[in-house]
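Structure first, then comments.
We count residues from 1, following the sequence as given. Read the numbers this way: they start at 1 and go in the same order the structure lists the ligands and their atoms.
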Amino acid sequence: MKIIKVKDYDEMSTTACELMVDRIKTIKNPVLGLATGSTPIGLYEQLIETYKQDHVSFKNVTTFNLDEYIGLAKDNPNSYHFFMSEKLFNHIDISPEKTYVPNGVASDLKQEAVDYERLIQKENGIDLQVLGLGTNGHIAFNEPGTKFSSRTDIVDLAQATLDANARFFDSIDEVPTQAVTMGIESIMEGREIVLLVSGEGKAEALKSTINGEVTEDFPASILQTHQNVTIIADEAALSLI
Ligand code: F6R
């Protein structure tokens with residue numbers, strides 16, 4: 001694992017943006033894996049800036065998001081699809097048909113998960129996968145206890161995740177309890193992974209990710225076994241290392 005220590009959230013976002021823009025420029029038809037949540041918002045803002053200022057084009061880019069809540073359609077402001085449109089897709093020149101997010105209201109959700117995997121494979125896999133880190137060690141919505149061999153599927157969210165994500169909803173009762181998520185094995189197939197971590201609240205989780213036992217009880221620990229992982233983390237997140 002390569003660890004890049006940065007000062008704060010803004011520097012994490014700028015550094016991640018530079019890395020991503022480099023891959024967009026050097027890979028012919030880049031396929032990016034994207035995350036939602038608070039962590040990558042600054043990265044997406046920086047990407048929009050780069051598009052506007054430096055005319056970096058996203059026309060050849062394809063994206064796959066990690067996950068989506070079950071029961072929320074893409075026009076629901078709490079859906080991850082809506083989040084991605086608002087925070088990134090609507091502001092750059094990417095083709096909407098190249099931005100894939102699992103459909104959380106598909107009539108056959110199991111089939112949706114299978115089809116999502118096929119789509120990723122059809123695009124030749126993911127060149128660069130962006131990840132955030134759950135305080136409980138989840139990556140995407142793969143909660144503690146998930147098999148390392150998991151593929152894209154329907155999952156139940158852990159109570160810690162419901163609690164953490166309640167901040168985006170009017171009340172905790174509105175937080176969907178299930179999601180479609182890329183599996184751990186699916187994520188590990190990404191040719192390069194960049195894990196973004198910011199803030200003291202993630203310090204314990206980051207310590208287990210880097211130095212802890214590789215165990216299904218702490219999903220992010222699997223990243224220790226990937227050949228091409230870069231962690232971009234700020235001083236607060238790295239304070240226990
Ligand atoms: C989001 C995702 C999650 C988040 C994680 C951290 O697509 O897959 O694993 O990356 O929950 O969330 P934040 O960034 O809000 O702390």
Side-chain angles (χ1 to χ4, degrees), residues 8-10 12-13 16 32-46 63-70 72 74 76 78-89 99-104 113 116 120 126 128-146 150-169 172 175-188 190 193-206 208-209 218-223 229-234 236-238:
D8 54 19
Y9 180 84
D10 288 345
M12 177 195 76
S13 306
L32 306 177
L34 300 179
T36 56
S38 304
T39 309
I41 291 177
L43 160 64
Y44 299 153
E45 285 170 359
Q46 291 290 326
T63 63
F64 285 93
N65 264 81
L66 285 168
D67 39 24
E68 178 61 283
Y69 287 121
I70 285 182
L72 302 193
K74 65 179 181 186
N76 184 315
N78 279 318
S79 73
Y80 282 169
H81 204 137
F82 193 93
F83 174 102
M84 288 309 303
S85 302
E86 287 261 289
K87 303 286 183 212
L88 183 64
F89 300 151
T99 60
Y100 297 98
V101 182
N103 178 5
Y116 201 70
I120 295 174
I126 290 175
L128 176 64
Q129 175 68 60
V130 177
L131 294 178
L133 178 63
T135 47
N136 65 355
H138 75 204
I139 45 173
F141 274 139
N142 297 291
E143 304 287 17
T146 304
S150 64
R151 308 291 312 185
T152 303
D153 208 348
I154 316 306
V155 297
D156 294 327
L157 302 183
Q159 190 59 46
T161 302
L162 301 180
D163 294 342
N165 291 1
R167 67 189 192 279
F168 298 110
F169 293 80
I172 191 161
V175 187
T177 55
Q178 288 190 307
V180 192
T181 183
M182 280 174 65
I184 293 184
E185 199 173 69
S186 333
I187 292 169
M188 290 292 283
I193 294 178
V194 57
L195 175 70
L196 305 181
V197 198
S198 171
E200 221 186 311
K202 297 282 176 73
E204 197 64 55
L206 186 55
S208 304
T209 303
F218 197 86
S221 62
I222 189 71
L223 297 175
V229 175
T230 302
I231 298 177
I232 306 176
D234 62 17
L238 283 164

Query raised in the report: Of Leu238, Leu131, Leu195, Leu133, which is the lone residue that meets side-chain contact (heavy atoms from CB on, under 4.5 Å) with Ile231?
Result: Leu195

Query raised in the report: Without hydrogens or angle criteria, can the side chains of Glu45 and Ser13 be said to hold a donor-acceptor pair below 3.5 Å?
Result: no

Requested in this report: Number the atoms of ligand 1 from 1 as they appear, then name those within less than 4.0 Å of a heavy atom of Asp67, with their elements.
Outcome: 1 (C), 2 (C), 7 (O), 8 (O)

Query - CD1 on Ile120 to CD1 on Ile126, rounded to 0.5 Å - result: 4.5 Å

Requested in this report: Please say whether Gly37 places an N or O atom under 3.5 Å from an N or O atom belonging to ligand 1.
Outcome: no

Report task. Kindly compute the distance separating CD (Gln178) from CG (Asp156), expressed to the nearest 0.5 Å. Result -> 5.0 Å

Requested in this report: Looking only at protein heavy atoms, identify the closest one to atom 16 (O) of ligand 1 and say how far it is in Å.
Outcome: Lys202 NZ, 2.7 Å

Requested in this report: Name the closest protein heavy atom to atom 6 (C) of ligand 1, giving the residue it belongs to and the distance to 0.1 Å.
Outcome: Leu133 O, 3.5 Å

Query raised in the report: To the nearest 0.5 Å, how far apart are CG in Asp234 and OH in Tyr9?
Result: 10.0 Å

Query raised in the report: Using a heavy-atom cut-off of under 4.0 Å, does the side chain or the backbone of Met182 touch ligand 1, or both, or neither?
Result: neither

**Report entry** Side-chain (Asn65) to main-chain (Pro102) donor-acceptor, under 3.5 angstrom
**Finding:** no

Report summary line: for atom 5 (C) of ligand 1, nearest protein heavy atom and its distance come out as His138 NE2, 3.4 Å

Query raised in the report: Which protein non-hydrogen atom lies closest to atom 1 (C) of ligand 1, naming both residue and atom, and how far is it?
Result: Thr36 OG1, 3.2 Å

Report task. Please state whether the rings of Tyr80 and Tyr69 are parallel, tilted or perpendicular, taking 30° and 60° as the class boundaries. Result -> tilted

Query - For atom 14 (O) of ligand 1, closest protein heavy-atom neighbour - result: Thr39 OG1, 2.4 Å

Requested in this report: Could you pull out, from Gly132, Ala140, Ala35, Pro40, the option with a heavy atom nearest to atom 3 (C) of ligand 1?
Outcome: Ala140

Query - Residue Leu66 vicinity, atoms of ligand 1 by number, heavy atom under 4.0 Å - result: 8 (O)

